[in-house]
Amino acid sequence: MVMQMGQQITIDFDVPAQMRDGTILRANVYRPAGEGQWPVLLTRLPYGKDLPTATSVFDPAQVARRGYVVIIQDTRGRFTSEGTWDPFRNEALDGVDTVAWAAGLPYSNGSVGMYGASYFGFTQWISAVQHPAALKAIVPFITWNDPLNGVLFRGGALELGTSTSWQLSMGFDVLMRRYRQDPDPRHLGAALYTLVSEMDALGPRGYWDLPLKDFAPVKRSDAAPAFFEVFEHVMDRSNVEAFTIRGKHAQVTAPAFNIGGWYDVFLQDTIDNFNAIRSQGATPQARQSKLLIGPWTHGGVTNPIGEINFGFGASAALIDLKIDFMSLQLRWFDQFLKETNTGILDEAPIKIFVMGANIWRDEQEWPLARAVETRYYLHSDGQANSLHGDGLLTSSKPEVEPADQYTYDPANPVITRGGALLMTPEYRGGPIDQRPTEERADVLVYSTPTLEEDIEVTGPITVHLWAVSSAPDTDFVARLVDVHPNGFAQNLTDGIIRARYRNFAHGEASSLIEPGRAYEYEIDLWSTSNLFKKGHRIRLDITSSNFPRWDRNPNTGHALGADAELAVAQQHILHDEGHPSYILLPIVPPAQQ
């Protein structure tokens with residue numbers, strides 16, 4: 001029994017729950033002391049219920065003091081739970097069984113909510129789509145919808161930075177369990193030393209290893225065998241069904257408070273989950289779901305974010321100077337699990353942080369109905385590179401203009417610098433000055449003249465790029481940038497398209513391109529909200545790599561991961577009357593901001 005500020009709580013450790021196949025999963029349970037029944041808040045995570053990550057979303061002791069039972073469970077095959085660790089694939093049924101178990105505990109009143117971030121945001125959704133009767137509400141934070149749009153792949157490119165660093169980090173418990181019965185502790189020590197060595201070396205040199213299908217850092221560590229499955233099922237929806245939420249929202253009965261960040265690696269999926277359940281949810285309550293987006297990275301919710309201080313009110317410590325992150329979630333759960341009218345349903349369904357203006361604002365829909373989709377076209381004299389002077393970005397259509405050219409050499413890729421990242425510590429996420437990247441000869445730069453008035457861009461961002469390559473397959477990367485008067489180039493959002501998957505979003509199979517032929521590529525930059533202030537410039541960067549966030553396209557046209565050799569590609573970016581390349585910006589009229 002624990003005493004805190006006069007309020008007693010009870011903590012039970014390693015409480016067993018039996019799944020339908022007999023596997024025992026274990027949890028820590030925090031609850032008010034004494035007799036009674038209370039609603040349950042459940043989270044299921046693979047990161048260790050006894051480790052700091054388990055209490056990173058909110059303090060379970062404080063929540064128990066507010067009249068909840070809080071259950072933190074190790075997922076199957078992780079830490080204290082039985083079974084075999086198979087990432088993602090057992091969470092649906094285990095989630096349903098755990099919700100039913102939690103609802104039936106003697107100190108439970110039968111109502112269950114779920115909370116958590118990233119993977120344990122996913123365990124909420126994959127349980128919710130099974131619509132267990134006791135599940136009354138969820139708060140998924142920085143989690144996904146479609147594994148082919150930010151988990152394993154993005155625009156057909158491999159999420160190398162995320163997949164390697166995450167799977168290696170999961171290897172510690174894999175090795176601990178593997179050597180649990182080994183009488184010689186030196187074997188475990190050697191295995192852990194190898195894993196740590198590979199993780200420490202991943203940023204400096206490990207990401208560069210080729211061929212990817214034999215990725216040496218993973219093979220040497222022998223702790224992340226699932227990594228290699230991606231090369232057998234490239235962009236294969238049938239293989240990711242177990243951890244796909246996309247297309248399943250009509251089955252969800254529980255309302256969801258979706259929370260994300262403009263610099264989060266799962267930003268667009270957070271938005272897509274909100275829009276889908278808001279329109280398709282199985283019950284009226286589910287369609288009361290909400291969305292909140294801060295200027296945050298994946299798990300970074302306090303200033304500075306990257307290299308920018310967005311102000312104290314941007315922090316999760318006191319959102320909009322009104323409420324802390326934990327209390328905000330509890331308002332949601334009080335509404336649906338305690339049936340208390342907290343007023344949260346009377347508020348706007350969407351709250352977003354507008355960067356640049358550095359304010360929070362309520363909205364009624366996404367995309368904003370009042371935002372005007374405006375094309376900003378690429379222009380130049382054939383040398384749109386900061387080494388020679390920027391190309392132009394204007395609302396005027398191009399006429400007769402020479403193409404811009406650059407050489408993409410995958411042996412010398414553009415190095416990841418900020419953005420929506422989940423990688424090793426060398427690669428910081430969020431807004432990071434892009435000027436060092438823009439000084440490269442293989443990065444094209446297109447900027448508006450200095451703005452004479454504020455321009456707000458809020459909504460989905462896409463680039464329509466006409467390009468010619470000398471290679472049978474290659475990549476194109478686009479990045480939206482806010483250029484400050486002092487030259488600081490603040491990255492806002494970016495995206496990539498692998499040429500062979502140029503029509504994948506429209507249901508077409510992959511196909512190589514014809515070298516020397518012009519193709520129009522649609523690059524999804526996801527979404528942002530930013531006020532480009534008077535005196536700033538709007539900029540678009542174009543290149544062919546962002547490594548090691550995404551794998552380098554070797555330009556050979558061979559299967560993913562097959563190449564140890566790399567080919568150089570000559571890239572031509574077209575912007576003329578017949579090939580009008582542009583970025584589509586949702587501009588909010590000033591009087592309506």
Practice task
With the side chain counted from C-beta on, respond yes when His249 and Asn273 share a heavy-atom pair under 4.5 Å apart, and no when they do not.
Solution key: yes
Practice task
Verify the distance criterion only: is there a donor paired with an acceptor across the side chains of Glu91 and Thr123 at less than 3.5 Å?
Solution key: no
Completion exercise
On a heavy-atom basis, the closest approach of Ala489 and Asp433 is N-OD1, 3.0 Å
Problem - Exam field: side chain Trp296 to backbone Ala314, donor-acceptor pair closer than 3.5 Å - result: yes
Practice task
Output, in order, the C-alpha distance, side-chain angles, deciding distance and verdict of side-chain hydrogen bond (donor to acceptor under 3.5 Å, both in side chains) for Thr342 and Asp334.
Solution key: CA-CA 7 Å; Thr342 65; Asp334 286 350; over 6 Å; no
Exercise for the section: Taking all heavy atoms of Gln571 and all of Ser469, pick out the closest pair and write down the distance. Expected result: OE1-OG, 2.7 Å
Problem - Over all atoms of both residues, closest heavy-atom pair of Leu531 and Val354 - result: N-CG1, 4.2 Å
Handout entry: Verdict with reasoning, Glu426 to Thr424, per side-chain hydrogen bond (donor to acceptor under 3.5 Å, both in side chains)
Key = CA-CA 6 Å; Glu426 296 91 339; Thr424 54; 2.9 Å; yes
Handout entry: Spatial distance of atom CD (Gln434) from atom CG (Asn491) [nearest 0.5 Å]
Key = 4.0 Å
Handout entry: Under 3.5 Å donor-acceptor, Asp442 side chain and Pro413 backbone
Key = no
Exercise for the section: Under the salt bridge (charged side-chain N to carboxylate O under 4.0 Å, His left out) rule, what do Arg370 and Glu363 come out as? Steps first, then yes or no, please. Expected result: CA-CA 11 Å; Arg370 67 186 185 280; Glu363 297 291 351; 2.8 Å; yes
Fill in the blank from the handout: ring-ring contact (aromatic ring centres under 6.0 Å, His included) pairs touching residues 489-527, sequence neighbours excluded, are Phe476-Tyr521
Handout entry: Student check: side-chain heavy atoms of Phe547 and Pro410 closer than 4.5 Å
Key = no
Exercise for the section: Answer yes or no: is there an ion pair linking Asp362 with Lys351, defined by an N-O contact shorter than 4.0 Å? Expected result: yes
Practice task
Ignoring hydrogens and angles, tell me if any N or O in the side chain of Tyr582 forms a donor-acceptor pair with the backbone of His575 under 3.5 Å.
Solution key: no
Problem - Leu525 backbone acceptor or donor facing Thr493 side chain under 3.5 Å - result: yes
Fill in the blank from the handout: d(Leu368 CG, Ile352 CD1) to nearest 0.5 Å is 5.5 Å
Handout entry: Glu520 side chain vs His464 backbone, donor-acceptor pair below 3.5 Å
Key = no
Fill in the blank from the handout: Heavy-atom nearest pair, Ile305 first then Gly300, reads CD1-O, 3.4 Å
Handout entry: Heavy-atom pair with the smallest gap, counting every atom of Ser447 and Val445
Key = OG-CG1, 3.9 Å
Exercise for the section: Any chance you could measure Ile138, atom CD1, to Ile277, atom CD1, to the nearest 0.5 Å? Expected result: 6.0 Å
Practice task
Applying side chain to side chain contact (heavy atoms under 4.5 Å, CB included), run through Leu291 and Arg278 and close with a yes or a no.
Solution key: CA-CA 10 Å; Leu291 172 69; Arg278 186 82 179 176; over 6 Å; no
Practice task
Take Leu492 and Ile461 through the side chain to side chain contact (heavy atoms under 4.5 Å, CB included) test and state the conclusion after the steps.
Solution key: CA-CA 10 Å; Leu492 295 171; Ile461 313 293; over 6 Å; no
Practice task
Look only at the side chain of Tyr408 and the backbone of Ser545, and say whether a donor-acceptor pair between them is shorter than 3.5 Å.
Solution key: no
Exercise for the section: For residues Pro295 and Met355, determine if any side-chain heavy atom of one lies less than 4.5 Å from a side-chain heavy atom of the other. Expected result: yes
Exercise for the section: Calculate, to the nearest 0.5 Å, the distance between atoms CZ and OG belonging to Phe353 and Ser315 respectively. Expected result: 10.5 Å
Practice task
May I ask you to decide if Ser529's main-chain N or O and Thr458's side chain share a donor-acceptor pair within less than 3.5 Å?
Solution key: no
Problem - Non-hydrogen side-chain atoms of Val457 and Thr374 separated by less than 4.5 Å - result: no
Problem - Distance, nearest 0.5 Å, that separates CZ of Phe153 from OG1 of Thr162 - result: 12.5 Å
Exercise for the section: Could you tell me whether the side chain of Trp360 and the main chain of Gly313 form a donor-acceptor pair under 3.5 Å? Expected result: yes
Fill in the blank from the handout: Output for pair (Leu444 CG, Glu438 CD), nearest 0.5 Å, gives 11.0 Å
Exercise for the section: Could you go through the side chain to side chain contact (heavy atoms under 4.5 Å, CB included) check for Phe532 and Thr448 one step at a time? Expected result: CA-CA 11 Å; Phe532 293 84; Thr448 64; over 6 Å; no
Handout entry: Main-chain N/O of Asp269 paired with Asn149 side-chain donor or acceptor, under 3.5 Å
Key = no
Problem - Neighbour count >12 (heavy atoms, 6.0 Å) for atom CD, Glu373 - result: no
Problem - Under the side chain to side chain donor-acceptor pair (under 3.5 Å) test, residues paired with Asp482 that sit two or more places apart - result: Asn530, His536
Problem - Check: Ile293 and Trp262 side chains under 4.5 Å, non-hydrogen atoms - result: yes
Practice task
Return the orientation label for the Phe88 and Trp166 ring planes: parallel under 30°, perpendicular over 60°, tilted otherwise.
Solution key: parallel
Handout entry: Ionic contact status for Arg498 with Asp475, cut-off 4.0 Å
Key = yes
Exercise for the section: Scan for salt bridge (Lys or Arg N to Asp or Glu O under 4.0 Å) pairs involving residues 237-251, sequence neighbours excluded, and state none if there are none. Expected result: Asp146-Arg237, Asp146-Arg246, Glu241-Lys248
Practice task
Write down the atom of Gly418, the atom of Ile432, and the distance for their closest heavy-atom approach.
Solution key: CA-CG1, 3.6 Å
Problem - Main-chain N/O of Asp576 paired with Trp466 side-chain donor or acceptor, under 3.5 Å - result: no
Handout entry: Working for side chain to side chain contact (heavy atoms under 4.5 Å, CB included), residues Leu328 and Leu292
Key = CA-CA 11 Å; Leu328 178 64; Leu292 181 143; 3.8 Å; yes
Exercise for the section: Among Ile259, Leu318, Val301, find the residue that satisfies the side chain to side chain contact (heavy atoms under 4.5 Å, CB included) test when tested with Phe325. Expected result: Ile259
Practice task
Please work out whether the ring planes of Phe122 and Trp144 are parallel, tilted or perpendicular, with thresholds of 30° and 60°.
Solution key: parallel
Problem - Side-chain ion pair, Asp494 and Arg417, N-O less than 4.0 Å - result: no
Problem - Non-hydrogen side-chain atoms of Leu480 and Ile538 separated by less than 4.5 Å - result: yes
Handout entry: Side chain proximity check, Pro590 to Asp454, heavy atoms < 4.5 angstrom
Key = no
Problem - Tyr377 side chain near Glu401 side chain, heavy-atom distance below 4.5 Å - result: no
